[in-house]
Amino acid sequence: MVCRQGQPLFGHDGAMNLLEDLKWRGLLAQSTDEKALLDALSKPITLYAGFDPTASSLHVGHLVVLVVLRRFQLAGHHPIALVGGATGLVGDPSGRNEERSLNTQDVVEEWVVRIREQVSQYLDFEAPTNPARVVNNLDWTAPMSAIEFLRDIGKHFSVNQMLAKESVSARLEAGGISYTEFSYQVLQSLDFLELFRRHNCTLQIGGSDQWGNIVTGLDLIRRVESGGAHAMTVPLLMKADGTKFGKTAGGSVWLDPAMTSPYAFFQYWLNTEDRDVINFLKVFSFLPKEDIEGIEKSHLENPGARTAHRTLARELTILVHGAQDCERVEAAARALFGQGDLNDLDEATLESALSEIPRASVANVGEIPSWVDLVVASGVVDSKSAARRIVREGGAYLNNVKITGEDFSPSPSDFFFGRFAILRKGKRDLVAVEVSKKH
RNA sequence: GGCGGGUUGCCCGAGCGGCCAAUGGGAGCGGACUGUAAAUCCGCCGGCUACGCCUUCCAAGGUUCGAAUCCUUGACCCGCCA
C-alpha cells in the first residue's frame, strides 16, 4: 500500500514526485527552502502536524492537513499526529480577532481522547517501516515548572519578534491579547523542539495560518540544538465564492458521525459548487492525477451528470465513515431522492433509508401531529413560525406531494406499511416520520 | 487610578423619548430557472394557542402617560493620560 507501482519511494525522484504531486493538488502554500526540503525528503523523515482540542471533534477543515500527513506516510515518511492537550488549554490566537474563552481542563481532556481517536483513523500504525505515532504535548509540558519554562525556553524568544507575528499583531490591532494566548507560539515551538529531540522530527506541516508558529519552532530548534528542520503549510481552503470552506448553515461539517451524520456528510460534498469540485478532488482524494484529469474532462463535457461530485462525495465518505456507511447513505439518497416512486420501495429499503435522515416519531396513527409540528420535532427547522412560513411559501411536502394549509396533518393512509411517512422541506431537506411501536 | 467612547436581532450596522419587533447590508430560508450546482430574479427572515397577543435592543433599578433612545449603579470592551 505504500507506493504506486513504478513510483520510486525515495531518492531525488521520489521526493520530487511527492512535492510535485502536492503542488499539483494545490496543497503547497509555503515552505522553507525548497531545495533543502527536497533533499531531506529523499530519505525517510519524521514529520508532524498538530491538532488542538477546541471541540469534541475535528471538522472537514482539519481533514486537509490530515490527508497531507497521510500522503507523506504513503510516500514512506514517518508521520506524527500531535494532539494539543496542552496547547488546547491555552488557545491559539491565530486567525482570531478575539480572545478565546478557556475550556475547563475536564472538557479538554475529554476532547483530547476523542480527537486522538479521530486522527488515528487516517494514519497507519501497522506500517512495517514507517508506522505512525500519536503524541500529546501535555506529556512534556505539564511536568515543566514555570521557572524551567521561563529560563530554558523563554530565554530563546525575543518579544520583539513575538509581537511582530501576524497572529499577535493582528490581535493588538483588534483590541488586545492576553499573556496566555501571547505565549501560545512558545508552546508550539516547544512541541517542535521536543519532537525533534525525541523522534528526530524535522518537518512540521499545518494550515497556512500556522506558518508563524511553525517557523518560530524552527528558530528554537536552531538555537537550542543547532538543528536544521523544515516547514511546510497547506493553503486555507476557500470556496470559489470566497467564503470559508466547511461551513454550512448549521455550522461546521464534523468528522464525528454523531455530530454530522454520514448522510449529511455525503450530501455536503455532493452539493459542492461546480467551480470547486475538481479542486476538492485534488485536495482530498487519493485518486492519481490521471484519474482526476479524466473526471475533470467528463465533468466539463457533461456537468449535469455530476460524476465529479459523486466521486468526491464517495471518496470522502469512504475515507471518513467507511465503505459500508457510504453505500448505505448513497442508497438512502437514491431511494428517497431518486426519480422513482416511493411506493415502489420495499419495507426494508425504506426503513434503512429513513434511518439515515432526521426523524420525528408519532405515537400511533390515531393522533398524528401537524406537518409543522413534525418538522419542528425533527429539528430541521427551529420554530413553528418558520415551519408555517415554509408551508405558506410552497416548500412543504408529504411523500413528495406538495401540501398546503398550515394546519395540515398526515392521515393514517399516508404511512407506508402503516409505519413511515416522508416529509420534505424545500428541495432537499427530508424528515422521516415513524410510528413508534406500541408497548 | 483619571478622562473619553462603546455594548442593538445569526454577523456587520442604523436608530438617539412615541410613527420600533426596530432602516440597510451579509448570512440563512422558500419559490422560479436548472443538474440535489452556480449566477439571476421574486418572496420571507423574534416567538406564539396568530389579522391578535407575548418577549426583545449588556444587567439591574429609576424618570415618564410612554424608553432601544433620558438618569443611576454594575459588568465587559476600546482609546488617551498616569
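First the proteins, then the strands, lettered A, B, ... as listed; each starts at 1. All of these numbers come straight from a predicted model, not from anything done at the bench.
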(message) Checking the side chain of Asn136(A) only, and the main-chain atoms of Asp139(A) only, is there a donor and an acceptor separated by less than 3.5 Å?
(response) no
(request) Find out whether Val433(A) and Pro410(A) are in side-chain contact, i.e. whether some heavy atom of one side chain is under 4.5 Å from a heavy atom of the other. (result) no
(request) Sequence neighbours left out, what passes side chain to side chain contact (heavy atoms under 4.5 Å, CB included) with Asp291(A)? Give chain and number order. (result) Leu287(A), Pro288(A)
(message) Taking G28(B) as the reference, what is the distance to G79(B) when you measure between their P atoms (whole Å, please)?
(response) 33 Å
(request) Calculate the interatomic distance between Arg428(A) atom CZ and G30(B) atom P; express it in whole Å. (result) 8 Å
(message) Please classify C65(B) as syn or anti, treating any glycosidic angle within 90° of 0 as syn.
(response) anti
(message) Counting the atoms with a prime plus P, OP1 and OP2 as sugar-phosphate, which does Gly304(A) contact under 4.0 Å by heavy atoms, base, sugar-phosphate, or nothing?
(response) base
(request) Over 60° means perpendicular and under 30° means parallel, so classify the ring planes of Phe182(A) and Tyr179(A), tilted if in between. (result) tilted
(request) Using the C1' atom on both, measure G25(B) against C71(B) and round to a whole Å. (result) 34 Å
(request) Searching all strands shown, indicate the nucleotide that pairs with U40(B) (Watson-Crick or G-U wobble; both distances under 3.5 Å). (result) A32(B)
(request) Write down the partner of C80(B) under the Watson-Crick or G-U wobble criteria, each distance required to be under 3.5 Å. (result) G2(B)
(request) Rounded off to whole Å, could you give me the NE2-to-P distance for the His309(A) and U34(B) pair? (result) 18 Å
(message) Please name the nucleotide paired to A75(B) by Watson-Crick or G-U wobble geometry with both distances under 3.5 Å, or report none.
(response) U7(B)
(request) Answer with yes or no whether the side chains of Ser57(A) and Gln118(A) bring together a donor and an acceptor at under 3.5 Å. (result) yes
(request) Mind calculating the distance between NZ (Lys402(A)) and C1' (A32(B)) to the nearest angstrom? (result) 10 Å
(request) For the side chain of Ala333(A), starting at C-beta, report the closest nucleotide among A38(B), U36(B), A37(B). (result) U36(B)
(message) Could you tell me how far A82(B) sits from G62(B) if I compare only their C1' atoms? Round to whole Å.
(response) 35 Å
(request) Going 5' to 3' through nucleotides 40-49 of chain B, assign each nucleotide B (protein heavy atom under 4.0 Å from a base atom), S (under 4.0 Å only from sugar-phosphate atoms) or - (no protein heavy atom that close). (result) ---BSS-SBS
(request) Rounded to the nearest angstrom, tell me the gap between atom NE2 in His299(A) and atom C1' in A37(B). (result) 8 Å
(message) Quick check: on RNA chain B, is the nucleotide nearest Leu270(A) upstream (toward 5') of the one nearest Glu406(A), or the reverse? Name the residue that is more 5'.
(response) Leu270(A)
(request) Please state whether the phosphate of G30(B), meaning OP1 or OP2, lies under 4.0 angstrom from any side-chain nitrogen or oxygen of Lys425(A). (result) yes
(request) Sticking with atom C1', work out how far C81(B) lies from A27(B), rounded to a whole angstrom. (result) 41 Å
(request) For Ile390(A) and for Asn271(A), locate the closest nucleotide of RNA chain B by heavy-atom distance; then report the residue assigned to the nucleotide nearer the 5' terminus. (result) Ile390(A)
(request) Round to the nearest Å and state the distance from Trp269(A) atom CH2 to A37(B) atom C1'. (result) 15 Å
(message) Just verifying a value: how many Å separate Arg428(A) CZ and Leu336(A) CG, rounded to the nearest 0.5 Å?
(response) 15.5 Å
(message) Looking only at the side chain of Tyr397(A) (C-beta and beyond, no hydrogens), which of the listed nucleotides A37(B), G31(B), C29(B) gets closest?
(response) G31(B)
(request) Using the P atom as the reference point in each nucleotide, state the distance between G43(B) and G9(B) in Å, no decimals. (result) 26 Å
List the atom pairs, with distances to 0.1 Å, where a side-chain N or O of residues 312-323 of chain A and a protein N or O form a donor-acceptor pair under 3.5 Å, not counting sequence neighbours.
from: Arg314(A); atom 1: NE; to: Glu330(A); atom 2: OE1; distance (Å): 3.0
from: Arg314(A); atom 1: NE; to: Glu330(A); atom 2: OE2; distance (Å): 3.0
from: Arg314(A); atom 1: NH2; to: Glu330(A); atom 2: OE2; distance (Å): 2.8
from: Thr317(A); atom 1: OG1; to: Ala313(A); atom 2: O; distance (Å): 2.6

(request) Pick the C1' atom in G24(B) and in U8(B), then give their distance to the nearest Å. (result) 14 Å
(request) Using the C1' atoms only, state how far U63(B) lies from G18(B), rounded to an integer number of Å. (result) 16 Å
(message) Give me the distance, rounded to whole Å, that separates C11(B) from C57(B) when you measure between the P atoms they each carry.
(response) 15 Å
(request) Identify whether NZ of Lys or CZ of Arg in Arg71(A) sits under 6.0 Å from the centre of the six-membered ring of Phe286(A) and within 45° of that ring's axis. (result) yes
(request) Look at the rings of His59(A) and His62(A) and say which category their plane angle falls in: under 30° parallel, 30 to 60° tilted, over 60° perpendicular. (result) tilted
(request) Just name whichever nucleotide pairs with C70(B), Watson-Crick or G-U, keeping both distances under 3.5 Å, else none. (result) G62(B)
(message) Rounded to whole Å, please give me the gap between CZ in Arg424(A) and P in G30(B).
(response) 11 Å
(message) How many whole angstroms separate atom CD of Glu296(A) from atom C1' of A37(B)?
(response) 16 Å
(request) Can you tell me the distance, in whole Å, between the NZ atom of Lys427(A) and the P atom of G28(B)? (result) 15 Å
